[in-house]
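In what follows, every chain begins at residue 1, and chains take the letters A, B, ... in the order their sequences are listed.
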Amino acid sequence: MSDNAAHIDNLRYRCQLHQSDAERNEETHPLTWRLRDDNTLVALDDYVGKDGYTAVANTLKGMSPADVIAQMKKANVRGRGGAGFSAGVKWGLTLQGDALPRGYIVCNADEMEPGTFKDRLLLEQLPHLLIEGMILAAYANNAKMGYIFLRGEYREAARAITIALGEAREAGWLGDNIAGSGFDFDVVLHTGAGRYICGEETALINSLEGQRANPRAKPPFPGQSGAWGKPTVVNNVETLCNVPAVMRHGAEWYQSLSGGLSDDGGTKLYGVSGRVNRPGLWELPIGTSGTELLDRAGGIRDGRALKTWLPGGGSTGFLLPEHLKLALDFDTIGKQGSRLGTGLLAVVTDEQSVVSLVRNLEMFFARESCGWCTPCRDGLPWTVKLLQALERGEGRQSDIAMLGKLAGDLGPGKTFCAHAPGAAMPLESALRYFRSEFEQGVSQSSRHAAAEPLPAGGA
Amino acid sequence: MTIETATSDSSRSIATDRDGFELHPDDRAEIEHERGHYEQPQAACIEALKIVQRRHGWVPDGAIPAIAEVLGIGPASVEGVATFYSLIFRQPVGRHVILICDSSSCFLTGYEALKDAIADALDIGYGETTADNRFTLLPVCCLGACDRGPALMIDDDTYGPVMPEDVSRLLEVYT
């Protein structure tokens, strides 16, 4: 290989967990213990050799769908896509019965939340774990068909999933009469064509149906009327990948994985990005602290200090260094006015501007608004314009109040879906914690002028 | 014949004339196969657009009614979808498409300098194609490569971290 080819090869992105084989085992790392140290696909033989698909074989033979849902409720697997809603409760609300048509299991593999790179690992290297989780979900929810809604840019994941689906079908884990149980189910890979909003579960269903990805009104919830009007369960990749271990080892065992760190059970794929020495991804007990994560990430780069951090994506609220000691779980982070989200920390260092970062985030949300409802479509570009003015030092005193008002007007319950409330969260928290940085963006002339009133319609 | 529309995102008329465009038989067969994966044929619409784009590099006007016919839906439905999704190109693009991640983690690790280096090297901005038709430059949502930011994709390949000094050697690979 020439020097240049070697250099280019080094630049190639390779997804990997930052925990060696020695650190991971079946008892403590239900998601990742089967990963190979060479970071390549865990093929069917390898997966089955590590007890893969035994949860399907045993569950379909020995448990009723109602038993599966009860076990999932008891394990309290909270939605790993970021919302934290109990998967078991969601399944329990899905309509099923002899008089109803069989519905769908849809895996949300549209990972596009800024700062989130966890599902990619499971999709590229452990697609059989996902397929096994989907079969169990289908059995519990009486689904006839599953779709993996994969973002179009995840080419390596598409390749791995295609291989795994072929292997699983050939081995009889998908198709008619799975493992002699009489249960039929198959999975189709559906790849997307961009747009963050596809990650919203009802927009995802519209996209799956070949329509523009505008969200749908709820109710009806997808579990009542989803894809093509049928009962539909939409679960995140990591959520579904937890299901086989819950079925194999039980709800009590799953609960115990967090070892007293959290009221929640299980592990979490946590990560750190930004200017740290060893950014990466780890499977750790849910409730692990930000301090431990930052330590695993080798601390802040270049001798700088931590200014603030986002706990789990662009649609979560900023937290301060003092919050690092908290358990990274849904309730603890929620109590601080933020959200755990996807649990992948983005670290902001002391020399980085919060105003600029918020401008970058709001540009993202403005661009990715589907345009369906007015507050989101027009409010988000408005925040961008105000933030750009402040970033240039050309803001007016009233801009800060207007940003605060917009953060409220874009908040929960004011828009058609959760897109704008997600965008409002970093904005609101940045204004709360870093007001002085916004004030520095007010122009000298405006600073000396009398306080300007809010425009008509103001608070 | 064209139908004038007044949609919010485009004043462009919807192509209903195939303008001599014929689906390649392999593409038609693939679209028909995809159609079978869903309860309704409309669901294969995005995949159909991607199939056409894979062959032509973009989705020419005449492909819209051609896809509509295979799926038994209206051309406006196909165009509405084609113009919604960022990875469906309704204008010609270069032989290689560069997608730069401009989301928060790559912002924190310096994508702006990377974007400037590429824009300078190729003398194009977002949405533009080089005069020799070699590259088109576009931003993209968080690529999920945040542990190796700043990240970008060129065609099917994902790279990261890419520093401004890597740009010329990286672009050389794509002729």
Side-chain angles (χ1 to χ4, degrees), chain A residues 4 7-8 11-15 18 111-120 147 151-156 188 190-196 207-213 227-228 230 271-275 279-281 310 314 344 346-349 352 356-357 360-361 363-364 367-368 370-371, chain B residues 8-9 37-50 53 71 73 77-78 80-88 99 101-112 139-149 151 153 155-163 166 169-170 172-173:
Chain A
N4 198 39
H7 180 75
I8 300 302
L11 291 178
R12 240 171 240 284
Y13 180 74
R14 286 178 186 83
C15 188
H18 279 215
E111 181 165 79
M112 274 193 226
E113 182 65 34
T116 302
F117 52 101
K118 67 181 181 70
D119 294 339
R120 180 197 272 272
Y147 293 99
R151 68 176 296 187
E153 296 91 337
Y154 276 11
R155 309 288 161 83
E156 181 62 26
V188 166
H190 177 103
T191 61
R195 296 306 294 265
Y196 170 77
S207 190
L208 179 68
E209 290 185 2
Q211 304 181 52
R212 293 164 77 95
W228 300 289
K230 307 294 192 301
V272 181
S273 67
R275 297 187 188 180
L281 193 62
L310 291 166
L344 284 91
V347 161
V348 186
T349 58
Q352 298 188 290
S356 295
L357 175 58
N360 169 268
L361 285 164
M363 282 180 85
F364 171 87
R367 182 181 76 200
E368 297 303 325
C370 80
Chain B
S8 60
D9 61 337
H37 287 152
Y38 307 96
E39 207 168 295
Q40 301 271 341
Q42 163 112 29
C45 183
I46 296 169
E47 196 57 36
L49 289 160
K50 288 165 77 172
Q53 184 164 291
L71 299 180
I73 59 177
S77 299
V78 180
V81 165
T83 52
F84 185 89
Y85 293 96
S86 51
L87 296 181
I88 301 296
L99 300 174
C101 176
D102 65 353
S103 292
S104 47
S105 290
C106 286
F107 177 80
L108 292 168
T109 49
Y111 93 84
E112 286 174 320
V140 70
C141 285
C142 182
L143 276 178
C146 321
D147 52 340
R148 308 261 296 167
M153 281 184 87
D155 302 337
D156 288 349
D157 308 322
T158 306
Y159 297 98
V162 183
M163 294 295 131
D166 299 318
R169 281 198 283 182
L170 182 57
E172 267 175 38
V173 177

For [X] and [Y], test the side chains for any donor-to-acceptor distance below 3.5 angstrom and give the result as yes or no.
X	Y	answer
B:Asp147	A:His18	no
A:Glu209	B:Tyr38	no
B:Gln42	B:Gln40	no

With a 4.5 angstrom heavy-atom cut-off, which part of [X] approaches chain A: side chain, backbone, both or neither?
X	value
B:Ala145	both
B:Pro41	neither
B:Ser77	neither
B:Val78	neither
B:Glu172	side chain

| field | Part of A:Lys230 within contact of chain B (heavy atom distance under 4.5 Å) | value | side chain
| Nearest-0.5 Å distance that lies between atom SG in A:Cys15 and atom OH in A:Tyr154 | 7.5 Å
| Top of B:Asp156, B:Ile46, B:Leu99 for chain A proximity - count of heavy-atom pairs under 4.5 angstrom | B:Asp156
| message | Counting only heavy atoms not in A:Met363 (residues, nucleotides, ligands), do more than 12 fall under 6.0 Å from its CE? | response | no
